[in-house]
Amino acid sequence: MKIARRWCTTKPAPSQKIGGAALDWPNLGFDFRPTHGFVKYTWKHGSWDAGVFEKDPYFKVHVMSSAIHYGQGLFEGTKAHHCADGKTRLWNLDGNVSRMQEGARRMLIPEVPHEMFIEACDRVVTENLDFLPPYGSGGSMYLRPILFGHGPQLGLQPAPEYTFAVLAIPVSSYYKGGLAPVSVKIVMDADRSAPLGVGNVKVSGNYGADILPSIKARAEGYPTVLYLDAKEKKYIEEFSVSNFIGIKKEKDGRKKYITPKSDTILMSCTNKMLMQLAPRMGYDVEHRPVEVSELNSFDEVAGCGTAVVLMGVKDINYNNEIVKYDSIENVESLYSLYRSIQFGETEDLFKWGSEISTDTGSDVIYTAPSLDETIAKVRGELLGEPGVPSPPQESVTVDMRTAEFEEDGAPKKKKASQKKSKKYVVSRKPGTNKLFIKKRGLNGAKVSSS
């Protein structure tokens, strides 16, 4: 299908800059905040239109729309990050668009073309740069693509019109404690989804059914709940809004990353990426049915998803019996590595991030260290395993106007800039001329890659 207009070259308005809204970025939480607007496309008479940018945060739809009466709608969740090199990147959009297309086929909704999905996300970020949390704040821009049917429709059948929209909302941690482990309750009197139902696609109704069990659990002091399979109440399905992960340490020193497999589980895009990353961290990955009786065998338990990234678990209430977990050190190491890739602090070996068309005028030249370098550092610092020694510190003067880097009096030509000279305290990687500014994150920003 031909797209009538492409947004990928759209530049932000001159008045906008990253973080221009000057919000309290580290304390945003995961709540709605007004922004400049959202992107909206309409499907009618067999094709999608070119899309518009809407400033008013409302849809005008017919009172008999199928999304309202019959739940013909689904959504996605992804993020954009301002990265260590000053660039802005969208995160794993290929995974999200594929999952939305799968859901659209199940719900008899016209699929959103891959190009249109990518371009919509690109444009909604460039039009809301003021609300993109700046690098170093720990925040990100949460993107919510939604797709639903509307138009006058009384009988149960596909809608005559559809809307695809992407919203952009600045966020920080999903839970107030961030990665701090939480208590979980297993729900025994409700099911998240039914066998042969729509639990494996991201339809709106799946989440509506979870509101009552989750609110009841919160009243008892449990921030989230864990569901079992509806048929036997024997197998672990997933948490309220995230997939389940169990970490097991074997006697021979090997570690296992175990996550449930079921036709009624919505496979998390984050989980898929962690399953790719875990083997490089030394884990054996098992994607299989997981019995609830295995809870006692895990050394650590976590939830994972786009919004939460990773959620540590300290105990699980199963029929009033408490299963406790004393550590989240391996969860923390996975979290640190994954986040360092998200924010461009580490090589994106799997090409999960895609740069968008914003020119932020970064005054720091940054080359991300390799994934294996960061893995060695994470294992050394967080797990006490053989890591890489910290390089010695020294100082270097960076003249950003003439773009010369002075290393022991020898200038190094770099990209021109209008910024004044700055003196940085840096670390030098042993055996090379690579210098690292000491910054937030696992590796810091490099000021030279010669």
Side-chain angles (χ1 to χ4, degrees), residues 26 29-30 138 140 172-186 217-218 221-227 236 238-251 253-260 268 270-287 290 292 294-318 321-343 345-346 374-387 440-442:
F30 197 85
S140 58
S172 56
S173 297
Y174 188 87
Y175 295 110
K176 290 182 179 180
L179 193 58
V182 301
S183 296
V184 176
K185 183 175 183 178
I186 292 181
R218 287 176 205 165
Y222 298 96
T224 191
V225 297
L226 178 62
Y227 288 95
I236 295 172
E238 58 184 295
F239 294 104
S240 171
V241 293
S242 54
N243 279 184
F244 177 97
I245 299 169
I247 303 294
K248 184 184 290 188
K249 301 174 186 177
E250 301 291 2
K251 293 180 180 180
R254 297 289 298 176
K255 293 182 292 187
K256 291 184 177 181
Y257 177 108
I258 301 170
T259 190
S268 160
T270 303
N271 198 2
K272 285 185 176 181
M273 288 184 280
L274 289 170
M275 289 169 68
Q276 288 181 271
L277 198 57
R280 299 191 71 93
M281 287 282 285
Y283 294 87
D284 296 325
V285 174
E286 294 183 1
H287 187 202
V290 179
V292 67
E294 293 184 58
L295 285 175
N296 282 302
S297 70
F298 296 125
D299 294 283
E300 300 176 36
V301 165
C304 70
T306 298
V308 70
V309 183
L310 275 164
M311 169 196 73
V313 173
K314 65 180 178 181
D315 56 66
I316 298 177
N317 182 335
Y318 175 41
E321 292 185 9
I322 308 300
V323 182
K324 295 185 177 182
Y325 304 97
D326 298 327
S327 171
I328 59 163
E329 62 178 10
N330 287 281
V331 173
E332 186 179 6
S333 69
L334 286 165
Y335 176 85
S336 296
L337 180 60
Y338 182 84
R339 293 275 283 177
S340 73
I341 300 172
Q342 278 190 319
F343 285 100
E345 297 165 347
T346 295
T374 304
I375 287 174
K377 192 170 182 68
V378 170
R379 294 176 71 172
E381 291 183 353
L382 298 180
L383 300 178
E385 299 174 358
R440 183 188 75 82
L442 297 171

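These numbers were taken from a predicted model, which means no experiment stands behind them. Counting begins at 1 with the first residue of the sequence.
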Peer 1: With sequence neighbours excluded, tell me which residues meet salt bridge (charged side-chain N to carboxylate O under 4.0 Å, His left out) with K314.
Peer 2: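 Counting only residues at least two positions away or on another chain, K314 forms no salt bridge (charged side-chain N to carboxylate O under 4.0 Å, His left out).
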Peer 1: Is the backbone N or O of F244 less than 3.5 Å from a side-chain atom of T259, with the two atoms forming a donor-acceptor pair by type?
Peer 2: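 It does hold such a pair.
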Peer 1: Quick one: side-chain contact (heavy atoms from CB on, under 4.5 Å) partners of E286, sequence neighbours excluded?
Peer 2: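 side-chain contact (heavy atoms from CB on, under 4.5 Å) check on E286 returns K256, I258, R288.
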Peer 1: Taking all non-hydrogen atoms of both residues into account, name the closest pair between M281 and S333 and its distance.
Peer 2: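 Here M281 and S333 meet closest at CE-OG, 3.6 Å.
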Peer 1: Who pairs with R280 by side-chain contact (heavy atoms from CB on, under 4.5 Å), at least two apart in sequence or on another chain?
Peer 2: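 Listed in chain order: L349, F350, L371, D372, I375.
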Peer 1: Please report the closest heavy-atom contact between Y227 and S240, naming both atoms and the distance.
Peer 2: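 Looking at all heavy atoms of both residues, the shortest contact is CE1-CA, 4.3 Å.
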Peer 1: Counting only N and O atoms by type, is there a donor-acceptor contact under 3.5 Å from the side chain of N243 to the main-chain atoms of S268?
Peer 2: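 Pair found, side chain donor or acceptor close to backbone of S268.
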Peer 1: Can you measure from CG (L226) to CG (N317) and round to the nearest 0.5 angstrom?
Peer 2: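 So the gap between those two atoms works out to 11.0 Å.
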Peer 1: So do the side chains of I186 and L295 get within less than 4.5 Å of each other, counting heavy atoms only?
Peer 2: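 Side chain of I186 against side chain of L295, heavy atoms only: contact under 4.5 Å found.
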Peer 1: So that I can tick it off, tell me whether K377 and E345 are bridged by a salt bridge, with the cut-off set at under 4.0 angstrom between side-chain N and carboxylate O.
Peer 2: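 K377 and E345: not salt-bridged.
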Peer 1: So, S242 side chain and F239 main chain: donor-acceptor pair closer than 3.5 Å or not?
Peer 2: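 No, because the side chain of S242 does not come within donor-acceptor range (under 3.5 Å) of the backbone of F239.
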Peer 1: Report yes if the side chains of P279 and V285 come closer than 4.5 Å at any heavy-atom pair, otherwise no.
Peer 2: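 With C-beta onward as the side chain, the pair touches.
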